[in-house]
Amino acid sequence: MASIHRFFIPLFWVFLPNLLLGTVASFLAVERPWVNVDYAALLFLSLWLPRTVLAGGFFVLLIFDLLALIGQIFPVVSLSDFFYLFSFIGVAPGIFKVSASISILILLFVVWGFYLSVSKITSRELLIVVNLVFLPFAVQAFSYVDVDRGSYRFGRSYVFDSQLDYSFHRWLDYTNRFGVKGEVSGIEESHSISEPLFDISRVQSKKVLLVVSESWGDPKASVQEALLAPLFKRAQKFVSFEWGSLGFQGITVQAEIRELCNVHLAGARVKSAYDDLPVCLPELYRDKGFYAVAMHGAVGTMYERSYWYPEIGFEETIFFESREWPRRCYSFPGACDVDMMKEIPAIMAEHEKVFFYWLTLNSHYKYDTRDIDKNRLDCSMYGIDEKTQSCRNFNLHAQFFAELAKLVDDPAMSGVKVIVVGDHSPLISNKDEKELYFQQGKVAWLEFTIK
């Protein structure tokens with residue numbers, strides 16, 4: 001019995017973290033191999049290393065393993081980007097704060113348990129357990145020679161994997177990129193829907209409204225038509241009306257730079273890449289006599305927008321802290337898009353030439369029902385469960401486009417050129433649901449000019 005007990009300890013510390021993170025992966029509907037063998041490798045080092053060092057290594061493995069899951073939902077480019085984004089947790093939705101707090105507490109509790117028990121592991125039982133893990137891993141590695149080792153996302157069909165091996169291949173991929181123009185500096189060529197706006201001589205309108213729509217993504221055609229129906233009904237008010245989709249994968253701030261500067265930002269920090277940016281739309285239009293305004297419902301410190309919006313040419317910035325708004329919305333803490341929309345015709349009426357940029361907010365994950373005034377889209381008509389995140393996302397966008405259609409009726413909007421484009425695919429925690437209702441790797445757009 002004593003011998004069995006000694007086997008239990010190394011087995012427990014190989015499979016407990018895999019069980020915990022496997023449960024998280026299942027809940028988030030993201031991919032993860034059944035067993036990350038790095039925990040067995042760390043236990044093997046316990047033959048030589050003190051338990052304080054081992055506990056620190058165990059904590060690091062857990063963090064990187066967790067980031068491999070989070071990175072499938074929030075496509076952060078690097079570890080520094082993750083910590084940069086985490087620095088904004090204070091202004092994030094409550095569910096993000098609670099999830100982060102619980103995750104940290106669980107991680108610390110597990111690491112403390114590992115620290116207390118690792119000294120009880122004996123060498124004979126440890127070597128047997130390590131071999132039980134690494135032998136099938138080695139067999140599988142030779143069996144899957146054609147698998148792309150740049151991805152730690154093999155799912156249930158790939159039973160064993162190594163996060164360290166994955167990180168090593170990512171490092172090789174990164175070093176191989178040195179000398180490739182643009183990638184080291186953080187700026188790459190891109191394609192945006194706003195690209196024609198850069199040739200001001202071809203823009204007939206003296207007033208332009210560019211909207212980057214939070215989490216619009218690219219819904220399946222039947223749903224998309226229902227969302228845009230209020231605008232279709234006003235077809236007689238438009239000189240032209242076009243809509244379609246654009247290939248894009250990234251986060252919101254990268255989508256902003258895509259549309260405002262027509263380049264792709266490799267990371268999440270605009271401030272550090274500012275010197276590499278070309279002349280962006282607000283500066284271009286400001287120099288031609290346009291009044292350049294930027295508006296977003298979150299606080300200006302989020303992504304440091306209060307800094308870099310003026311740096312790229314905006315004369316006026318409107319954030320949550322800029323006005324006394326009648327209420328606060330909940331999907332992401334900040335002003336309500338419906339209330340902010342009233343700023344647009346007021347500024348259009350005040351200035352002869354305007355470039356107005358608006359990044360919407362309320363359709364942000366987790367698509368809070370308190371931000372939906374009424375269900376404008378009957379999800380059941382499209383075979384969509386009304387309790388899903390997708391249904392809430394669609395209703396928030398149906399609400400946005402209904403209000404945008406009303407804005408078209410405002411006399412101050414006469415002659416305005418309007419471009420609306422999604423920032424990225426919506427965060428839907430159920431992968432199957434997301435693939436069912438959204439085109440993957442695409443964002444929708446529409447463009448019209450009001451008579």
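Summarising the local packing, NZ of K288 is surrounded by 12 or fewer heavy atoms from other residues, nucleotides or ligands at distances under 6.0 Å. Around the CD atom of Q236, the shell of radius 6.0 Å holds more than 12 heavy atoms that belong to other residues, nucleotides or ligands.
A donor-acceptor pair is defined here as one N or O able to donate and one able to accept, closer than 3.5 Å; such a pair exists between the side chain of N18 and the backbone of N36. With hydrogens and angles ignored, the 3.5 Å screen pairs a side-chain donor or acceptor of Q254 with a backbone N or O of I251. Using a distance-only test at 3.5 Å, with no hydrogens or angles considered, a donor-acceptor pair links the side chain of T388 to the main chain of C391. Checked by atom type and distance alone, the side chain of R392 never pairs as donor or acceptor with a backbone atom of T369 at under 3.5 Å. With hydrogens and angles disregarded, a donor-acceptor distance shorter than 3.5 Å links the side chain of R234 to the backbone of A405. Between the side chain of S363 and the main chain of S215, no donor-acceptor pair closer than 3.5 Å is present. Looking only at distances, a side-chain donor or acceptor of S194 sits under 3.5 Å from a matching main-chain atom of E259.
Contact of the N393 side chain with the K434 side chain is not registered, since no non-hydrogen atoms from C-beta on lie closer than 4.5 Å. Residues S306 and T317 have side chains not in contact (no heavy-atom distance under 4.5 Å, counting atoms from C-beta outward). Looking only at side-chain heavy atoms (C-beta outward), V211 and I419 stay at 4.5 Å or farther from each other. Looking at heavy atoms from C-beta onward, F332 lies in side-chain contact with M302 at the 4.5 angstrom threshold. Looking at Y382 and L377, their side chains come closer than 4.5 Å, going by heavy atoms from C-beta outward.
Counting only residues at least two apart or in different chains, ring-ring contact (aromatic ring centres under 6.0 Å, His included) contacts with residues 411-439 comprise F394-F438.
Across all non-hydrogen atoms, the minimal contact from L260 to I312 is CD1-CD1, 3.9 Å. When all heavy atoms of M413 and L407 are compared, the closest pair comes out as CG-O, 3.2 Å.
For the pair R258 and F248, the cation-pi criterion (under 6.0 Å, within 45° of the ring axis) is fulfilled.
R370 and D368 are joined by a salt bridge, as a carboxylate oxygen and a charged side-chain nitrogen come within less than 4.0 angstrom of each other. The pair K353-E315 does not meet the salt-bridge criterion, since no charged nitrogen lies less than 4.0 angstrom from a carboxylate oxygen.
For the residue pair Y357/E256, the side-chain donor-acceptor check at 3.5 Å is satisfied. Under the 3.5 Å distance criterion, with hydrogens and angles disregarded, no donor-acceptor pair is assigned to the side chains of N362 and S331.
Here the rule is ring pair (Phe, Tyr, Trp, His ring centres under 6.0 Å) with F448, and of W243, F238, F232 only F238 fits it. For the ring pair (Phe, Tyr, Trp, His ring centres under 6.0 Å) criterion with F319, the lone passing option out of Y303, Y309, F314, Y307 is Y309.
Partners of N375 according to the side chain to side chain donor-acceptor pair (under 3.5 Å) rule, which considers only residues two or more places apart in sequence or in another chain, do not exist here.
Taking the six-membered ring where the residue is Trp, the centroids of F355 and Y285 are separated by under 6.0 Å. For Y39 and F58, the distance between ring centers is under 6.0 angstrom.
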